[in-house]
Structures are given as structure tokens and as C-alpha cells.
Amino acid sequence: MYKRFYNFDLSDEVLNALSEMGFEKPTPIQESAVPPAMEGLDIIGQAQTGTGKTAAFGIPIIEKGKRGKVPYAIILAPTRELAVQVAQELNKIGKNKGILSVPIYGGQSIDRQIRSLKKGVDVVVGTPGRVLDHIRRKTLNLKNIQTLVLDEADEMLNMGFIDDIETILKEIPTERQTLLFSATMPKEIMRIATRYMNNPKKVAVDAKNMIVLKIKQVFYEVREEYKIKALTRLLDVEDPSLTLVFCHTKREVDEVSGKLQQMGYYAGAIHGDFTQSHRDEMMDKFKKGDIEILVATDVAARGLDITDVSHVVNYSIPQNPDSYIHRIGRTGRAGKSGIAITFVTPREYRQLRLIERSAKTRIEKAKLPTRDEVRRAREQEILDEIDDIIKDENHSGYLAMVDELSNRYSQRDIAASALSLIFSDMETDEEDEVGVSDISSAKNYVRLFMTVGKRDRVKVADIVKSIASGANIPGKKIGNIALFDKFSFVEVPHDLADRVISSVDNSVLNGRKIRVQPARAKKSVALDSVRAV
Ligand code: ADP
Ligand code: MG
């Protein structure tokens, strides 16, 4: 039916803005939601992430509004990050009409928000808690609201916002248009829809739409203790632009990001325990590519739109199929292709099959790169870099050294020795002796008990650092770390345990003397259960 945005009967201001944004034609959800939304109908839109839902409600809202003093549209979104993102997109669409959209979320100074609301805002994009806060303080005038949007409604439900949302719904004039967007439609959402919406029109995009087709999905069988190694091998070989790594718990996020940093990867972390400014900073760095790997929990990463994510890694398998779809929807965005990787431990096979069945997708088994493949990838990287250096003539400063060496050696020997310098830097980890089969099979780790914990403001990364430098072993040799209030458990390879104990026991960490000894009783079983908390 509709092929292009101009078929939507939009103003030149909006059409030009869309074309400046690089939008050539509507996505399927936009195609089916924009026309009825322009007519003023209530809509329930179901489509997975990355399908362009923001513009699906954003275009009609902007098209129908104009710059004024009092908000005429309000969008509720589950997280601060998402609120910021939606406001940004609306500001782009509304640029030529001068329509101002402002995000309102917890964690930002409420006074500042009150000031900007007073100055005059056209579209408010807020998290439910903070919006309610403003309603109670009477700093948000909802009398003129013509359109209300519930974005990522299922996630707002998951986050326990349902009561807040109902309260807000009751505050907004009933003579309004209500648009509800959600990736899934649980009963609770349908209840809200029947109660607060006016004969809503349902639009859905097939679960098997273009986005999923653009994502290559693979899984690797990896044992818990080798996940880090598997991850770094994949990172080395696949050379992703930006990688989003999903973990199950906040603690796991800390662990994984800490270890990656320790090994020299540009990695960062976000989860609910970090301050808003820290999270903003991380997102910013990730978008700019200052960090290449972002390790996150589901909730923290929900709805984030980062266009260049080439790889999504399910470091721990998602707990349900919906979560799988959401996670992998972070890649393959805006027409780009992406790769979704899932680590599966042997006892998680059933979970994998369950995901495949209900997400109606196929996840192919893949083999981890071998040591040789990692090596070849590194070699190729060096060759490419040399190409660049010669092209850009960045080597001229070294020609004199080469001339001097040429008196004694052949060019071939000189070049090869120079390369060996580069590679010897990379190969310091005798760790690479561990082959694929080892990664996938049990290995002897010993659990140590350490008398430091969260209470001492110690982080996983600190423990890794203190052991790695104290015992002079590579950080990646260190296995799982479980941090408790007053103590922690650390897994180290059997053959290194004595070395770790003798060098770290009685040493000082964060101003506290620490004791280290072999932990008693249960082995990794205990750690697994700790993780699951
Ligand atoms: P969703 O809310 O469904 O997860 P978003 O609205 O965040 O998806 O859109 C995902 C990405 O696709 C964003 O970067 C957005 O700017 C881009 N996008 C949306 N619609 C189009 C379009 N018609 N053409 C090109 N890119 C688009
Ligand atoms: Mg969205």
C-alpha cells in the first residue's frame, strides 16, 4: 500500500526532517501504524525491538502538533536511557517545526526539570515514577494532552510500573488518543488496553520480520569457567565494531567487564547499581567507540538504540524467549546485519531449544576459533596495520634504523625480527596453550577464601588485579569470583593455588590486610548457586 513517507500525506517540514535522518521508506510497523494514528485512532502496536516503533508514534505526534507552551503529547518509557533516546528522535523529527520534546526521568535534578517545563515543552517523554512525581507536585500540566504513548509497555510492566501507569492514565483527559507499543502482549497489558483505550486498532509485525533475518544466530557450548576465554577468542577473531555482552546478574556484569579490562579490552559496564551519570558516561563512550564492549544486564540495556552494534553476546543464556529476542534485537539495527552469539553450558541445552521453539528461530551450533585461527586473525590484523602505516607514510622516522641494520642483515631478517617484537608482546600468555577441547571440558580449579568483601569497597576487578600482580599470573587465569559482604571466593587453577596463597596472603588491599586460604567444602556448585541469586 504505502511505499514511501510522502504517501503518508505529511508536511514538508516532517518529510524533510525524515530524509535528513536518513529514513528512506517506512518500516513495516510504521507502514501499518502511521496512517491510523494520523486519523486519531487508538492503536496497539506489537513489534520487536529495532523495528522503528519510535517513529511509528513519533511521526503522527509531530505532524499533528505545533510549538506551544503546554505539553500536547506524553510518552511513558521504562528507563531513563530510553526516555532520552525517544526525546532525541522526536526532536529530530520535529526539528523543522520547532517542536520541543524533553525527557523527564528520575536521577536528574527535579528543579531543572521544573524550570524547563515552565519554559514550555511540547512533548514530554518520561519514566512513570518521575512523571507521577511531577503530577503530584503539580509541575506538569496534562490538561492539553491529546496523545498518550506507552512505549515498551511490557517492560514497564516487568519493572513494576503498572500502578504508576494506571494512576497517570487516570490523570490524563479521556478525550485523548492512546497508543500502546510493546514487543509482547501479556494479559496485564491487554487489560490496561481494554480499560483505558478506545476501541484500539491492533497492528502487528510478524515475529519473523526482516530484522531477525538480518541477524546471524549461533551458539557455542562453553563451560562456565571458560566463558571469558571463549569470549576473548571470539572478540579477537571476529573483530566486532561494537559488542554488547549480556549477563544474568549485576555481579556477573562486574566480573566479566573487570576481567576484560584486565586483559586490555576496551570494556565498560552498565547495570542498575551504577549512578545515572556513570551510566550516561558509559553509553556515551560506547556510542563513540571509546569502549568497544559494553557488558550489561537486560534491564539496563533495554531499548537502547546503538546503531553500530555488530555483535550481541548472551554470556549467560536468557531466561526466557522474549528476553532473547530483545537482546539480539540490539544488533542488526536500521538495516545493518548483526551477529548474535549465545553461550550454552551443557545443562542449558533444553533452555536453548525452548528459546528456538518459542522465538520461532534457528540458532546454529558453531565451533570456537582454535588457537591457530586466533593467531591467523592477529597476523591479518598486523598485516592490515602495516598496509596502513606504509600508505600513510608513518614509518619514515624508522628508516634510518633500518638502514643501519641493513649493513648487517638482510631486509627479510630485519622485517621478521621486527614482527617478532610485535608478536612476542601478544603471546605472553602461555594461557593460549589451552585448546578448544579444554574450554569445553572441566578443568581443575581450586576455590580460595579471601577475607575481603564488598564492605571493604572492593570490586571484582580489584581482586583480579591484586592476585594477578601479587602472584604474577595473567588475570585471565583467575576463574569465578564471588563477592560477599565480608569475604569472597576466588577460583584459581589448581597448580597456581599455592603461589596465589603465598603471595597474596597477608598482603594489603584497599588499606586492609587480607588473608587467603583454600575454601572448605563444596566446589563450583556453590559458586553456581551464588550466581543464580
Ligand atoms: P524500536 O523502538 O522498535 O526498538 P527504534 O524506534 O529505536 O526501534 O528504531 C531503531 C533504529 O532504526 C533507530 O536508529 C531509528 O532511527 C532507525 N529507523 C527507524 N525507522 C527507520 C526508517 N524508516 N528508515 C531507516 N531507519 C529507521
Ligand atoms: Mg522503542
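For ligands, and for the atoms within them, numbers begin at 1 and follow the listed sequence.
- Each of the atoms 22 (C), 23 (N), 24 (N) of ligand 1 lies under 4.0 Å from some heavy atom of Lys25.
- Nearest heavy-atom pair across Arg67 and Ile99 is N-CG1, 4.0 Å.
- Where the criterion is an N or O separation shorter than 3.5 Å, residue side chain and backbone included, Phe5 fails it with respect to ligand 1.
- When each atom of ligand 1 is checked for a heavy atom of Thr54 under 4.0 Å away, the hits are 2 (O), 5 (P), 6 (O), 7 (O).
- Any N or O atom pair closer than 3.5 Å counts here, and Glu24 shares no such pair with ligand 1.
- Applying the salt bridge (charged side-chain N to carboxylate O under 4.0 Å, His left out) test to every pair with at least one member in residues 97-112, sequence neighbours left out, gives no pairs at all.
- Residue Thr27 has at least one heavy-atom neighbour below 4.0 Å for each of these atoms of ligand 1: 20 (N), 21 (C), 22 (C), 23 (N).
- Side-chain contact of Tyr324 with Gln351: a donor-acceptor pair under 3.5 Å is absent, judged by distance alone.
- Set against the non-hydrogen atoms of Thr51, the atoms of ligand 1 under 4.0 Å away are 1 (P), 3 (O), 8 (O).
- Ligand 1 has an N or O atom lying under 3.5 Å from an N or O atom of Lys53, backbone or side chain.
- Against a heavy-atom cut-off of under 4.0 Å, Glu89 is close to the following atoms of ligand 1: 15 (C), 16 (O).
- Partner Met197 forms a side chain to side chain contact (heavy atoms under 4.5 Å, CB included) with one of Asp42, Leu41, Leu179 and no other, that one being Asp42.
- Side-chain N/O atoms of Gln113 and Arg130 include a donor and acceptor closer than 3.5 Å.
- Under the ring pair (Phe, Tyr, Trp, His ring centres under 6.0 Å) criterion, Phe219 pairs with Tyr349, sequence neighbours left out.
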